[in-house]
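Let me begin by presenting the structure, written as C-alpha cells, before commenting on it.
Predicted model, so just to flag it, every value in this text is computed and none were measured.
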Amino acid sequence: MSKENKKVISYNQELESKEGHFLSLLESVGLPINDIFVPIKERTIFFSNASSLLAQMSPEQKFQAVYISKFFAAVSVGLFDAALNYIWDETILQLRKRIEVYDLEYFYEIAASPEKRKDLKTIDDISKLTDDELLKGALKIDLITEVGYRNIDLIKYMRNNASAAHPNQLKITGLKLTSMAEDCLREIISTPIPPAAIAVQKLLENIKNTEMSKEDAKDVAVHFAAMGPEPIQRLTEGLFGIFYKRETTEPVRQNIRLLAPLLWPYVDENIRKSLGIKHAYFSANNNIAEKGFAKEFLAVVDGLKYITDPHRTVEVSTILEELKNAHGEFNNFYNEVLPAKRLRSVLGNPPKIPNGIEQKYIATLVEVFLTNGNGVANSANDIYLDLIKGFNPRQSIYAIGLIFSDIISSKLRIKLCQQKYFEMIGYLKEKISIQSAKRLIEEIESLKIPLDEIRSNENLKELAEIAIKETP
C-alpha cells in the first residue's frame with residue numbers, strides 16, 4: 001500500500017472517530033443526528049483536489065485569505081453548505097477589492113441607479129449594493145468575463161439554495177464543491193484584472209490627471225472603433241457620470257468635452273436614451289447643478305433630443321430599479337409584489353410606456369418573470385404576466401431575443417427559468433408574423449441547442465437582429 005493511500009485511510013478513520021463522538025453528544029441532548037454531515041468519501045474527493053485549487057493562489061493571497069481557511073475547515077468537518085458560504089464571502093471580498101483598485105467612482109456610476117448612486121461615495125458604501133448588483137456591475141466594466149459572470153452567477157444561485165445562507169434541502173457533492181471553488185478562484189479570487197478593463201482604467205486616469213489637447217483626444221479616439229460595443233457603452237456612462245458630478249474639476253470636464261463627441265458615433269441608441277433618463281431624474285428631483293451638467297454633456301455630443309419628459313419617465317425608471325433590486329434579494333417573494341403593483345398602476349391599462357425607457361421596461365419584466373430559480377413569486381407573477389401579454393409584436397420579438405443577453409442567458413442554466421422562458425414564448429409567439437422571428441422561435445423551441453448556449457450561436461443571433469429590424 002502506498003504512503004498516499006495510508007494517509008487517506010488514516011484521515012478517514014480520524015474523521016469517523018471525531019464525527020462519531022460529536023454525533024453521540026448531539027444524540028445525548030436530544031438533537032437530530034441524521035444528514036448533519038456530508039459523507040466522508042465526499043470530503044476525501046474534495047481534498048484529493050485541494051492542492052490544485054490552492055496552486056492557483058499566490059503566497060500573498062493565501063496569507064490574507066481568512067475565508068479560504070474557514071472554507072477548508074467547514075469542508076473537513078463535512079459542512080459543505082457552510083463551506084460554500086465561506087468561498088462566496090471570499091469571492092465577494094476580492095471582487096470589492098478589485099473594484100476599489102480599478103475606479104470606484106466609475107463603478108458606482110455603471111452599477112447603481114441614480115437614486116442609489118447619490119449615497120455611494122467611499123469603498124465602505126459598496127456594502128449598500130446587493131451581490132447581484134455587484135456582479136452585474138463588474139460584468140459591465142469587464143472586471144469579470146462573460147463566462148466568468150455566468151459561472152459565478154450559477155454559484156450565487158447554489159449559495160442561495162444549497163448553502164448555510166438559509167434553510168435548504170439541496171445536496172452538494174465533493175466534485176461539485178471542487179468545481180465551484182475552482183470557478184471562484186479562477187474567475188475572481190486569483191485572477192488579475194482583464195486587459196480590456198485595464199485599458200479603460202488607464203484612460204480614466206489620464207482624463208482625471210492630465211490636460212488633453214484636441215490632438216491628444218484624436219489620438220485616444222483612434223482606439224474607440226476597436227473597443228467593442230459593450231466597453232464603449234460603459235465608457236460613455238462613466239464619462240457622463242464624471243461630467244455631471246459637482247465635485248469634478250473644470251480641467252477634467254474639458255477633457256471630456258474633447259473626447260465625448262468622438263465617442264458618441266459608437267454609442268448604442270439605448271445608452272443614449274438612458275443618459276436622457278438620468279437628466280430627467282435630476283430635473284424631477286430638482287438637482288439643479290447635476291441637471292445643468294447633464295444637459296451640457298448632451299449638448300456637446302448633439303444629443304439634446306434624448307431629453308425626455310422628466311416626471312413619468314423617472315417614476316417608471318425608479319420603480320423598475322426597485323423591482324430589479326427586490327428580485328435579487330433573498331426575500332424577493334415578498335418584496336417584489338409592491339413595486340410590481342406600483343408599476344402596473346403607473347403604466348395604466350393598456351400600459352403606456354414613457355419614451356426612452358421601453359427596452360429597460362421589457363428587459364426588467366422578462367428578468368423578473370423568469371424568476372431567480374428559487375421559485376415563483378405568485379402574487380407578482382400574475383402582474384408580470386398581464387404586462388407581458390400586453391407587449392406588441394416588436395416588443396414581443398425584443399423580449400424573446402433577450403436570450404442573447406448576458407443576464408437572461410445566465411438564468412437559462414436553471415430549470416425553472418427555462419420553463420418560464422418557454423411559458424413566455426407561448427404567450428408571445430401568436431403576436432408575431434415576421435418570418436425571421438418565427439424561424440428564431442422554431443429553433444429555440446426545437447431544443448437542438450441548450451437555451452443557455454444559444455447566445456453563442458452567431459446564426460441565430462443574426463436572425464434575431466434581422467427580426468427586430470424588420471418589425472415596424
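Taking every heavy atom of both residues into account, Ala340 and Ala380 meet most closely at CB-CB, 4.2 Å. Across all non-hydrogen atoms, the minimal contact from Asp103 to Lys208 is OD2-NZ, 3.0 Å. Minimum heavy-atom separation, Leu262 to Ala217: CD1-O, 3.7 Å. In terms of heavy-atom proximity, Val252 sits nearest to Ile207 at CG2-O, 3.8 Å. The heavy-atom pair separating Leu416 from Asn374 by the smallest distance is CD2-C, 4.3 Å. Glu109 and Arg117 get closest at one heavy-atom pair: OE1-NE, 3.4 Å.
Of the possible donor and acceptor atoms, one in the side chain of Lys411 sits under 3.5 Å from a partner among the backbone N and O of Thr371. Ser410 contributes no side-chain N or O that, together with a main-chain N or O of Asp406, makes up a donor-acceptor pair within less than 3.5 Å. Side-chain N or O atoms of Ser190 include one that pairs as donor or acceptor with a backbone N or O of Leu185 at under 3.5 Å. Checking side-chain atoms of Asp216 against main-chain N and O of Ser213 turns up a donor-acceptor pair under 3.5 Å. Remark: the backbone N or O of Ala289 is not paired with any side-chain donor or acceptor of Arg246 at under 3.5 angstrom. For Glu100 (side chain) and Lys97 (main-chain N/O), no donor-acceptor pair under 3.5 Å exists by modelled atom type. Formation of a donor-acceptor pair under 3.5 Å by the Arg272 side chain with backbone atoms of Tyr306 is not found in this model. Under a 3.5 Å cut-off, the side chain of Arg413 and the backbone N or O of Arg150 do form a donor-acceptor pair. In this structure, Asn335 contributes its side chain and Ala326 its backbone to no donor-acceptor pair below 3.5 Å. The backbone N or O of Ile242 lies less than 3.5 Å from a partner atom in the side chain of Thr248, making a donor-acceptor pair.
In this structure, the side chains of Glu90 and Lys70 stay at 4.5 Å or more apart for every pair of heavy atoms. The side-chain heavy atoms of Tyr266 and Met227, taken from C-beta on, include no pair separated by under 4.5 Å. Counting only heavy atoms from C-beta outward, the side chains of Tyr281 and Thr313 never approach each other to under 4.5 Å. No side-chain heavy atom of Ile155 sits under 4.5 Å from any side-chain heavy atom of Ile87. Side chains of Asp153 and Ile407 form no contact here, defined as non-hydrogen atoms less than 4.5 Å apart. Inter-residue side-chain proximity for Ile271 and Ile232 is flagged as unmet; no heavy-atom pair is nearer than 4.5 Å.
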Listing, residues 196-206 side-chain donor-acceptor contacts under 3.5 Å, not counting sequence neighbours, or none:
from   : atom 1 : to     : atom 2 : distance (Å)
Gln201 : NE2    : Val101 : O      : 3.0
Gln201 : NE2    : Tyr102 : O      : 3.1
Asn206 : ND2    : Lys202 : O      : 3.4

Compile the donor-acceptor pairs under 3.5 Å between side chains in residues 423-430 and protein atoms, sequence neighbours left out, one pair per line.
from   : atom 1 : to     : atom 2 : distance (Å)
Glu423 : OE1    : Lys420 : NZ     : 3.2
Lys429 : NZ     : Glu445 : OE1    : 3.4
Lys429 : NZ     : Glu445 : OE2    : 3.1

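One finds the CG atom of Leu239 at 6.5 Å from the CG atom of Leu263 (value rounded to the nearest 0.5 Å). Put simply, CG on Leu387 and CG on Leu347 are 6.5 Å apart, with the number rounded to the nearest 0.5 Å. Atom CH2 of Trp264 and atom CZ of Phe297 lie 6.5 Å apart (nearest 0.5 Å). Rounded to the nearest 0.5 angstrom, Arg96 CZ and Leu104 CG are separated by 11.5 Å.
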### Message
If you apply the rule side-chain contact (heavy atoms from CB on, under 4.5 Å), what do you find for Tyr361 with Phe391, and how did you get there?
### Response
CA-CA 11 Å; Tyr361 166 72; Phe391 287 171; 3.8 Å; yes
### Task
Please report the C-alpha distance between Asn287 and Asn285 in whole Å, then the side-chain angles of each, then the deciding distance to 0.1 Å, and finally whether the side-chain hydrogen bond (donor to acceptor under 3.5 Å, both in side chains) criterion is met.
CA-CA 6 Å; Asn287 300 133; Asn285 288 276; 4.9 Å; no
### Task
Determine, step by step, whether Ile454 and Phe404 satisfy the side-chain contact (heavy atoms from CB on, under 4.5 Å) criterion, reporting the C-alpha distance in whole Å, the side-chain angles of both residues, the deciding distance to 0.1 Å, and the verdict.
CA-CA 7 Å; Ile454 285 178; Phe404 296 99; 3.7 Å; yes
### Task
Kindly indicate, with the supporting measurements, whether the criterion side-chain contact (heavy atoms from CB on, under 4.5 Å) is fulfilled by Ile403 and Leu451.
CA-CA 8 Å; Ile403 195 171; Leu451 289 185; 4.0 Å; yes
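Tyr149 is linked by a ring-ring contact (aromatic ring centres under 6.0 Å, His included) to nothing, counting only residues two or more places apart in sequence or in another chain. In this view, Lys461 and Glu458 satisfy the salt bridge (Lys or Arg N to Asp or Glu O under 4.0 Å) rule, not counting sequence neighbours. Residues that satisfy the ring-ring contact (aromatic ring centres under 6.0 Å, His included) test with Tyr244, not counting sequence neighbours, are Phe240, Phe282. Partners of Glu470 by salt bridge (Lys or Arg N to Asp or Glu O under 4.0 Å), not counting sequence neighbours: none found. Take Phe71 and apply the ring-ring contact (aromatic ring centres under 6.0 Å, His included) test, not counting sequence neighbours, and it matches Phe46. For Lys140, there are no salt bridge (Lys or Arg N to Asp or Glu O under 4.0 Å) partners at least two apart in sequence or on another chain. Residues forming a salt bridge (Lys or Arg N to Asp or Glu O under 4.0 Å) with Glu146 (at least two apart in sequence, or on another chain): Arg455. With sequence neighbours excluded, no residue forms a side-chain hydrogen bond (donor to acceptor under 3.5 Å, both in side chains) with Tyr108.
No more than 12 heavy-atom neighbours from other residues, nucleotides or ligands sit within 6.0 angstrom of CD on Glu211. Around OH of Tyr334, the count of heavy atoms belonging to other residues, nucleotides or ligands within 6.0 Å does not exceed 12. Environment of CG in Asp302: sparse, with no more than 12 heavy atoms of neighbouring residues, nucleotides or ligands closer than 6.0 Å. Few gaps surround NZ on Lys245; more than 12 heavy atoms of other groups in view lie less than 6.0 Å from it. More than 12 heavy atoms of other residues, nucleotides or ligands lie within 6.0 Å of NZ in Lys128, so this atom counts as buried by the packing criterion. For Tyr67, the OH atom sits in a loose shell: 12 or fewer heavy atoms of surrounding residues, nucleotides or ligands are nearer than 6.0 Å. Within a 6.0 Å sphere centred on NZ of Lys156, other residues, nucleotides and ligands contribute more than 12 heavy atoms.
Under the salt bridge (charged side-chain N to carboxylate O under 4.0 Å, His left out) criterion, the residue pairs touching residues 346-372 are Lys136-Glu367, Glu321-Lys360, Glu358-Arg394, with sequence neighbours excluded. Applying the salt bridge (charged side-chain N to carboxylate O under 4.0 Å, His left out) definition to pairs two or more places apart or across chains, those involving residues 222-234 are Glu230-Arg234, Arg234-Glu237.
A salt bridge is defined here as a Lys NZ or Arg NE, NH1 or NH2 lying under 4.0 Å from an Asp or Glu carboxylate O, and Arg342 with Glu322 meets this definition. Ionic pairing of Glu296 and Arg257 is present here: one or more N-O contacts between side-chain nitrogen and carboxylate oxygen are shorter than 4.0 angstrom. The residues Arg344 and Asp386 are annotated as salt-bridged, a charged nitrogen and a carboxylate oxygen being separated by less than 4.0 angstrom.
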